[in-house]
Amino acid sequence: MTQFKHVKDSQVDISELMLPSHSNFNGKIHGGYVLSLMDRIAFACASKHSGAYCVTASVDTVDFLKPIEIGELVTMKASVNYVGNSSMVIGIRVEAENIRTGEIKHCNSSYFTMVAKAEDGKSLQVPGLILSNEHDIRRFAKSIKRNKMKLNRKQEFHETDFSSKEYVHLLDEYKVKIEQ
Ligand SMILES: CC(C)(COP(=O)(O)OP(=O)(O)OC[C@H]1O[C@@H](n2cnc3c(N)ncnc32)[C@H](O)[C@@H]1OP(=O)(O)O)[C@@H](O)C(=O)NCCC(=O)NCCS
């Protein structure tokens with residue numbers, strides 16, 4: 001029988017102070033460092049929901065909205081937005097706080113698809129999700145749409161079926177020359 005769990009049961013928050021060693025030459029925090037923290041929290045959240053070891057299958061739309069400065073306190077919040085059979089979409093919101101002023105800025109939101117694995121390496125069924133409010137329902141529905149769009153795009157542009165004739169007119173208004 002399918003087991004179900006509440007979204008709140010696997011929600012994870014982490015906070016970390018941004019150190020000079022995390023910065024690039026401009027004194028801003030490396031995007032790659034932020035991504036690695038996001039991957040960690042996605043793993044923690046997915047593992048809590050599934051009760052299993054998880055791997056990252058995909059990362060969707062990481063928009064870096066605002067730079068993060070050295071000395072800011074970064075807080076990441078993760079929750080399960082969607083579950084499939086063995087996959088889970090983890091929504092992550094990243095905020096940075098200026099400790100002196102208390103000002104908080106939204107820096108990044110993203111969706112990590114994590115897959116639960118059994119000890120033999122096979123994908124493992126994950127518990128279902130109990131949606132308790134409008135937010136939970138909106139996030140689950142949004143994930144269904146995003147998954148469908150991703151699948152359609154993959155099929156539409158699969159290299160074996162692709163014919164440039166259908167698309168070449170789209171390039172007219174772009175800074176591109178075709179030399180085939
Ligand atoms: C992701 C991975 C587990 C998928 O394995 P697979 O043999 O294709 O497994 P399946 O076809 O059974 O798919 C398992 C689930 O993953 C999902 N999935 C697979 N590839 C995906 C992708 N690119 N994006 C989103 N979901 C994906 C499938 O939809 C399926 O979901 P469901 O069980 O909820 O229906 C496998 O490709 C893998 O191990 N990749 C490397 C993971 C890794 O090392 N991550 C760290 C990168 S540094």
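Here, residue 1 is the first one in the sequence, and each next residue gets the next number.
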Subject >> Nearest-0.5 Å distance, CD1 of residue Ile99 to CG of residue Leu73 >> reply: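 Going from CD1 on Ile99 over to CG on Leu73, the span is 5.0 Å.
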Subject >> Distance in Å, Ser164 OG paired with Leu170 CG, rounded so as to fall on 0.5 Å steps >> reply: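 So the gap between those two atoms works out to 11.5 Å.
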Locate the shortest heavy-atom distance separating [X] from [Y]; write the atom from each residue and the value.
X: Ile41; Y: Val12; result: CD1-O, 3.5 Å
X: Ile130; Y: Asp136; result: O-OD2, 4.3 Å
X: Pro67; Y: Glu72; result: O-OE1, 4.3 Å
X: Leu129; Y: Val80; result: CD2-O, 3.8 Å

Counting distance only, does the side-chain N/O of [X] pair as donor-acceptor with the main-chain N or O of [Y] below 3.5 Å?
X: Asn24; Y: Asn26; answer: yes
X: Lys5; Y: Lys48; answer: yes
X: Ser36; Y: Tyr33; answer: yes
X: His22; Y: Ile29; answer: no
X: Thr101; Y: Glu103; answer: yes
X: His49; Y: Pro127; answer: yes

Distance only, no hydrogens: is a donor on one side chain within 3.5 Å (strictly under) of an acceptor on the other, for [X] and [Y]?
X: Ser79; Y: Lys8; value: no
X: Thr75; Y: Ser15; value: yes
X: Ser143; Y: Asn81; value: no

Considering only heavy atoms from C-beta outward, does the side chain of [X] approach that of [Y] to under 4.5 Å?
X: Met88; Y: Tyr82; result: no
X: Glu156; Y: Phe162; result: no
X: Met38; Y: Ser110; result: yes
X: Ser123; Y: Lys117; result: yes
X: Phe112; Y: Ile92; result: yes
X: Met149; Y: Arg146; result: no

**OP:** Please determine if Lys28 and Glu69 form a salt bridge, counting it only when a charged side-chain N lies under 4.0 Å from a carboxylate O.
**Re:**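 Yes, charged N to carboxylate O under 4.0 Å.
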